[in-house]
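Take a look at the structure below.
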Amino acid sequence: MPKRRPYPSDLSDARWQLIEPVLAAWRFERRGRALDFGRPPEHDLRDIMDAILYVDRTGVQWRYLPHDFPHWNTVYGYFARWQQEGVFAQLNGLLRQLLRQREGREAEPSACVIDAQSVKTSTSVLASGQGIDAGKKIVGRKRSIVTDTMGLLLAVLVTAASVQDSVAGGQLLDQVATEHPRIRKVWVDGGYRQHLVEHAASLGIDMEITQRRPRARGFTPIPKRWVVERTYGWLMLHRRLARDYETRPARSEAMIHIAMADLMARRLTSENTISWRDPTPQTKQQIPG
């Protein structure tokens with residue numbers, strides 16, 4: 001069967017070399033648990049990952065995947081299984097460590113930033129899984145993320161938009177304290193309550209609430225916290241994240257992990273993320289930021 005023509009979202013050979021070990025290890029472990037019943041693999045993992053990236057980058061529905069990819073039901077099956085088994089989070093963690101080390105940082109961060117973004121949802125999201133963000137007047141879901149000081153994703157939590165920032169922030173702090181024990185400092189905005197500061201202190205983390213400078217007009221980057229806002233900008237390069245299209249919050253979190261892994265892999269290989277401003281792939285520049 002002739003090889004299909006590549007799409008702009010496809011993995012380059014250099015990026016596939018970064019991602020392949022994680023997926024190959026997953027397949028080896030799965031076969032070791034006899035879940036394949038001794039049958040040889042039917043699908044190439046690179047083709048599956050390319051199809052998932054195509055959905056994440058373009059925003060198409062699973063059923064609208066081009067026919068030169070594996071069948072959409074197969075691709076979605078791998079996506080769901082990898083989400084359930086934490087493969088995307090593992091991949092995100094590996095690439096983050098590689099990128100931090102390349103930038104001369106410690107593999108594990110000692111400081112982080114928390115922020116939340118409310119987004120509208122599609123008709124595929126159940127009404128019971130949505131809420132109203134009264135401050136931003138958005139009906140939908142809320143994405144709360146934790147990044148290091150480079151803007152690289154440490155943790156993500158998707159909830160109804162009505163969930164208070166401090167409630168989601170508390171869950172994220174617990175996760176960060178467990179998975180990243182070196183964290184000792186965190187910056188948040190004024191939407192996070194004082195009781196969250198006390199909760200952070202009980203975990204050995206110093207939380208600082210950063211505010212917009214008095215009398216500042218127009219767009220003014222807020223010290224320390226601007227990096228997480230930039231991360232949201234990076235994520236918007238993936239159209240699947242322009243709204244929340246996922247029925248389950250966990251699948252929405254997986255799409256964010258995939259987008260961030262794609263961005264970090266491109267940065268590690270010095271490949272641009274293609275956008276309407278620059279439709280021609282280049283290798284001499286990094287992604288914005």
field: Heavy-atom side-chain contact between Val119 and Ile138 under 4.5 Å
entry: no

- prompt: Does Lys185 come within less than 4.0 Å of Glu208, counting only side-chain N to carboxylate O?
  reply: yes

message: Taking Asp262 first and then Arg266, would you say they form a salt bridge - that is, a charged N and a carboxylate O separated by under 4.0 Å?
response: yes

- request: Would you please classify the geometry between the Tyr78 ring and the Trp82 ring as parallel, tilted or perpendicular, with 30° and 60° separating the classes?
  value: perpendicular

query: Quick one: does Arg141's side chain have a donor or acceptor within less than 3.5 Å of a partner on Ser162's backbone?
result: no

field: Spacing of Trp226 atom CH2 and Trp187 atom CH2 [to the nearest 0.5 Å]
entry: 12.0 Å

task: Compare every heavy atom of Leu45 with every heavy atom of Arg27, then report the nearest pair and how far apart it is.
output: NH2-CD2, 3.5 Å

task: Kindly compute the distance separating CG (Leu99) from CG (Leu18), expressed to the nearest 0.5 Å.
output: 10.5 Å

field: Minimum heavy-atom distance between Ala261 and Asn92, given as atom pair plus value
entry: N-OD1, 4.0 Å

message: Using side-chain contact (heavy atoms from CB on, under 4.5 Å), reason through Met49 and Leu11 one step at a time and then give a plain yes or no.
response: CA-CA 8 Å; Met49 193 64 192; Leu11 292 165; 3.8 Å; yes

query: Which heavy atom in Ala155 sits nearest to a heavy atom in Gln175, and how many Å separate them?
result: CB-NE2, 3.7 Å

message: Between Asp174 and Gln171 (side chain of the first, backbone of the second, donor and acceptor by atom type, cut-off under 3.5 Å), is there such a pair?
response: no

message: Any side-chain to backbone donor/acceptor pair from Lys142 onto Val163? Under 3.5 Å, distance only.
response: yes

query: With distance as the sole test, does Arg143 use its side chain to make a donor-acceptor pair with the main-chain N or O of Gln117 at under 3.5 Å?
result: no

- request: Would you confirm whether Asp133, through its side chain, and Ala161, through its main-chain N or O, come within 3.5 Å as a donor-acceptor pair?
  value: no

message: Looking at every non-hydrogen atom in both residues, tell me the closest pair between Leu154 and Pro109 and how far apart they are.
response: CD2-CG, 3.8 Å

field: Gap separating the CZ atom of Arg267 from the CG atom of Leu98, nearest 0.5 angstrom
entry: 13.0 Å

query: Should the pair Arg4-Asp50 be classified as a salt bridge under the 4.0 Å nitrogen-to-oxygen rule?
result: yes

query: Does the pair Val125 and Thr247 meet the rule for a side-chain contact (heavy atoms from CB on, under 4.5 Å), with working shown?
result: CA-CA 5 Å; Val125 179; Thr247 303; 6.0 Å; no

message: I'd like to know if Arg96 pairs up with Asp148 as an ion pair, taking the criterion as any Lys NZ or Arg NE/NH1/NH2 lying under 4.0 Å from an Asp or Glu carboxylate oxygen.
response: no

message: Does atom CZ (Arg182) have a neighbourhood of more than 12 heavy atoms from anything else shown, all under 6.0 Å?
response: yes

Val186 and Ile114, any side-chain heavy atoms less than 4.5 Å apart: yes

task: Quick one: do Leu152 and Met260 satisfy side-chain contact (heavy atoms from CB on, under 4.5 Å)? Show the steps, please.
output: CA-CA 8 Å; Leu152 307 180; Met260 201 66 210; 4.0 Å; yes

task: Answer yes or no: is there a side-chain heavy-atom contact under 4.5 Å between Val139 and Lys120?
output: no

message: Counting C-beta onward and ignoring hydrogens, is there a side-chain heavy-atom pair between Gln84 and Arg251 closer than 4.5 Å?
response: yes

Where Asp189 and Ile209 come nearest, the two heavy atoms and their spacing: O-CG2, 3.5 Å

- prompt: When you check the side-chain N and O atoms of Asp244 and Ser252, is any donor under 3.5 Å from an acceptor?
  reply: yes

message: Taking the basic N atoms (NZ, or NE/NH1/NH2) and the acidic carboxylate oxygens, is any pair closer than 4.0 Å for Glu106 and Arg100?
response: no

- request: Taking the side chain as every heavy atom from C-beta outward, state whether Met207 and Leu196 have any pair of such atoms under 4.5 Å apart.
  value: yes

Nearest atoms (heavy-atom pairs only) where Leu241 meets Leu235: CD1-O, 3.6 Å

message: How long is the straight-line distance from SG of Cys112 back to CG of Leu173, given to the nearest 0.5 Å?
response: 7.0 Å

- request: Verify side chain to side chain donor-acceptor pair (under 3.5 Å) between Asp115 and Tyr192, making sure each step is shown before the conclusion.
  value: CA-CA 9 Å; Asp115 199 15; Tyr192 293 84; 4.7 Å; no

message: Is it the case that the side chains of Glu108 and Gln97 hold a donor-acceptor pair, with the cut-off being a distance below 3.5 Å and no angle test?
response: yes

- prompt: Considering residues, nucleotides and ligands other than His195, do more than 12 of their heavy atoms fall under 6.0 Å from its NE2?
  reply: yes

statement: Tested for ring pair (Phe, Tyr, Trp, His ring centres under 6.0 Å) against Trp62, the lone hit among Tyr54, Tyr245, Tyr76 is Tyr76

- prompt: Can you tell me if Arg63 uses its side chain to pair, donor with acceptor, with the backbone of Val60 under 3.5 Å?
  reply: no

- request: Using modelled atom types only, decide if a donor and an acceptor are shared between the side chain of Glu253 and the backbone of Val158 within a distance under 3.5 Å.
  value: yes

query: Are any of the side-chain heavy atoms of Pro70 and Ile48 separated by less than 4.5 Å?
result: yes

- prompt: Salt bridge between Glu246 and Arg240, side-chain N to carboxylate O under 4.0 Å?
  reply: yes

message: The test is side-chain contact (heavy atoms from CB on, under 4.5 Å); show your working for Val55 and Met255 and say whether it passes.
response: CA-CA 9 Å; Val55 171; Met255 282 296 178; 4.0 Å; yes

query: Do Glu229 and Arg225 sit within salt-bridge range, that is, some charged N less than 4.0 Å from a carboxylate O?
result: yes

field: Pairwise distance CG(Leu268) to CD(Gln17) - rounded to 0.5 angstrom
entry: 12.5 Å

field: Met236-Val227 co-clustered via ILVMFWY side chain contacts under 4.5 Å
entry: yes

- request: Could you tell me the separation between the CZ atom of Arg248 and the OG atom of Ser124, rounded to the nearest 0.5 Å?
  value: 12.5 Å

field: hydrophobic_cluster_shared for Val197 and Val176, side chain cutoff 4.5 Å
entry: yes

message: A side-chain contact here means heavy atoms from C-beta on lying under 4.5 Å apart; do Trp16 and Leu23 qualify?
response: yes

- prompt: Short question: side chain of Ser166, backbone of Arg193 - any donor-acceptor pair under 3.5 Å?
  reply: yes

task: Check whether more than 12 heavy atoms from other residues, nucleotides or ligands sit under 6.0 Å from atom NZ of Lys136, and answer yes or no.
output: yes

